[in-house]
Number of protein chains: 2
Amino acid sequence: MISEFELIRRYFTHRARRAVLGVGDDAALVNVRRGCELVVSTDMLLAGRHFLRDTDARELGHKALAVNLSDMAAMGATPRWATLALALPRADTRWLAAFSRGFMALARRYGVDLIGGDTTRGPLNICVQILGEVPSGMALRRDGARPGDEIWVSGALGDAALALAALQRRTRLEPAELARCAARLRRPQPRIALGLALRGVANSAIDVSDGLLADLGHILECSGVAAEIEFAALPSSTVLRRYLDRRIAREALLAGGDDYELCFTAPRRAREQIVRCGRRAGIAVTRIGRIRTRVRGAPRLIVHAADGTALRLARGGYDHFG
Amino acid sequence: MISEFELIRRYFTHRARRAVLGVGDDAALVNVRRGCELVVSTDMLLAGRHFLRDTDARELGHKALAVNLSDMAAMGATPRWATLALALPRADTRWLAAFSRGFMALARRYGVDLIGGDTTRGPLNICVQILGEVPSGMALRRDGARPGDEIWVSGALGDAALALAALQRRTRLEPAELARCAARLRRPQPRIALGLALRGVANSAIDVSDGLLADLGHILECSGVAAEIEFAALPSSTVLRRYLDRRIAREALLAGGDDYELCFTAPRRAREQIVRCGRRAGIAVTRIGRIRTRVRGAPRLIVHAADGTALRLARGGYDHFG
């Protein structure tokens, strides 16, 4: 059977461009640019919880890194380095080759060096740590939203959750529709370029990984503010719009996880600049509401339906221990 | 049931001393000192593989951080920040409280800030990433051993493996003996102070996590050299010495993992300085052999028995996919 060291050498060693010392010592050594803060995040992915058990290994390699890159995007950070800890039921070389292809292709696209890792035998578990850089004081945080800020989201929301519902047979889609939505679920695209463009423009940002209501909720809580959003303004794909009469599609739009779009806030005067940021980053940006002053006793987040009434919200989003 | 956010807030949020932004955003922000390289490592621990299933949660919290701190020690780095990703079968508050006590107590002792994490439901899996600092160019690496270097180890070897063998009923120890050895298994002490003292003194270093033969083997391979060590010189506890007639004790000494001592090499002229380093760090240091020039076809590592003959080696140590 393939040894741990051979496994790392074969699938996960590449020439690190920006590392003093890469994979193969007790630790890696890297230099953080002068004038930059180091940005650190980690995500753990489990079969049956964060991805379906039959997920293609290459797509899983992509997704494991993508969800971490999305955290860098939400901070306005440039991703630089990653570590990968992997528990595998067995050293399946075909699976590993496919997984590393997906992981490494995305790493190369964003200039990320894989500088360390750990492999062990056990129930499939993928833990990635991502390290990035941001000029000091320029990070996009959750606690910067101010009353009067407008709320924006990138891309379209809900397709990933709608695909998941269809794959789990909780709803039905046409095959071509499912294929389009499932691509969002399986190969999320981190909005790195948009995050970088929004530095110095947006007051706060988060990535939509747990659903819009939950993630916008984190901004509101960290910033001590309230918000109103317009259901009719939420950007959605043509597929999702076709099914807006289904409750499951509306929930996907408001509370579906796994979209990995950015939700951010900015003052009104930044409107045109934000549209330019989106254009430069090659992704649509849509205004969906406004930050309000927090009033004790009043709801923190109100969603207005098209007729002006407030929607009743069942569930705030996806909570890993909910 | 306790939510993920409440869980993080209750057990894993402490005021980060050296972080710009700690737990609670998409990522943490920290500043790496000018003139320092960032040192990065990760380890994943699984029940039944890296610890016994009935391991006390507090000891597990200690150990999960300790094995990562040990990587910092082996690099001569000052540990600064950690992230923790945790998969748990259920949100067991008693277990979490104990785990975080063990983890956080060790973090405080070494001034390490827990700056990020992820919790999810799944088979128990603990993934820690550690970040440290080392003055540029000063890290202790695996590839610096030179022919003529003397080989040293800190502390005593083999107690952890002997305890594991006794706990798994592969051998028997007196209760008091087991207690002493098991403490090494359950509460390993990272040799941070020694690693720091050895900067600029040792040519290479590694921590003994997979067993002396395997870990010294990594130094030899990375440095392109060979070595001879004296079995009789290997430092061991009084307990282990009592059982040296047992094959299992000899194997624990040579190939037992989990000791988390340092193995390092240095030129002969550094002898006295190394003894002073050990004294300052409060840990014994013992010379066990010498680095030789690599000769093709000859064994990379020879272990001399007390009578001068070379020992036959069965197994190089612990390999996670062996």
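Everything numeric here is computed off the predicted structure, so don't read it as measured data. Reminder, nothing fancy here: chain letters follow the sequence lines and each chain counts from 1.
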Non-hydrogen atoms of B/M72 and A/A27 that approach each other most closely: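 Heavy atoms only, the tightest pair is CE-CB, 4.0 Å.
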Minimum-distance pair of heavy atoms, taken over all atoms of A/M44 and B/C127: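 The answer is CE-CB, 3.7 Å.
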Need one label for [X]: side chain, backbone, both or neither, based on atoms under 4.5 Å from any heavy atom in chain A.
X: B/I219; result: neither
X: B/V40; result: both
X: B/A73; result: neither
X: B/L46; result: side chain

Side-chain donor-acceptor pair present, B/Q129, A/T42, cut-off under 3.5 Å: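 Checked: B/Q129/A/T42 side chains pair up, N/O donor to acceptor below 3.5 Å.
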Pairs of heavy atoms under 4.5 Å with chain A: top-ranked of B/I130, B/N68, B/V134, B/D207: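 Result: the option with the highest number of such pairs is B/D207.
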Beyond-backbone contact of B/N31 with A/S136, side-chain heavy atoms, under 4.5 angstrom: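 In contact.
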Gap separating the CG atom of A/L38 from the CG atom of B/L29, nearest 0.5 angstrom: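 A/L38 atom CG to B/L29 atom CG measures 8.5 Å (nearest 0.5 Å).
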Best-contacting candidate, A/N125, A/T83, A/V32, A/L140, against chain B by heavy atom pairs under 4.5 angstrom: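 When all of A/N125, A/T83, A/V32, A/L140 are compared, A/N125 has the most.
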A/L131 versus chain B, the contacting section by heavy-atom distance below 4.5 Å: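 The answer is the side chain of A/L131.
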Greater than 12 external heavy atoms within 6.0 Å of A/Q189's CD: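 It does: A/Q189 CD has more than 12 such atoms within range.
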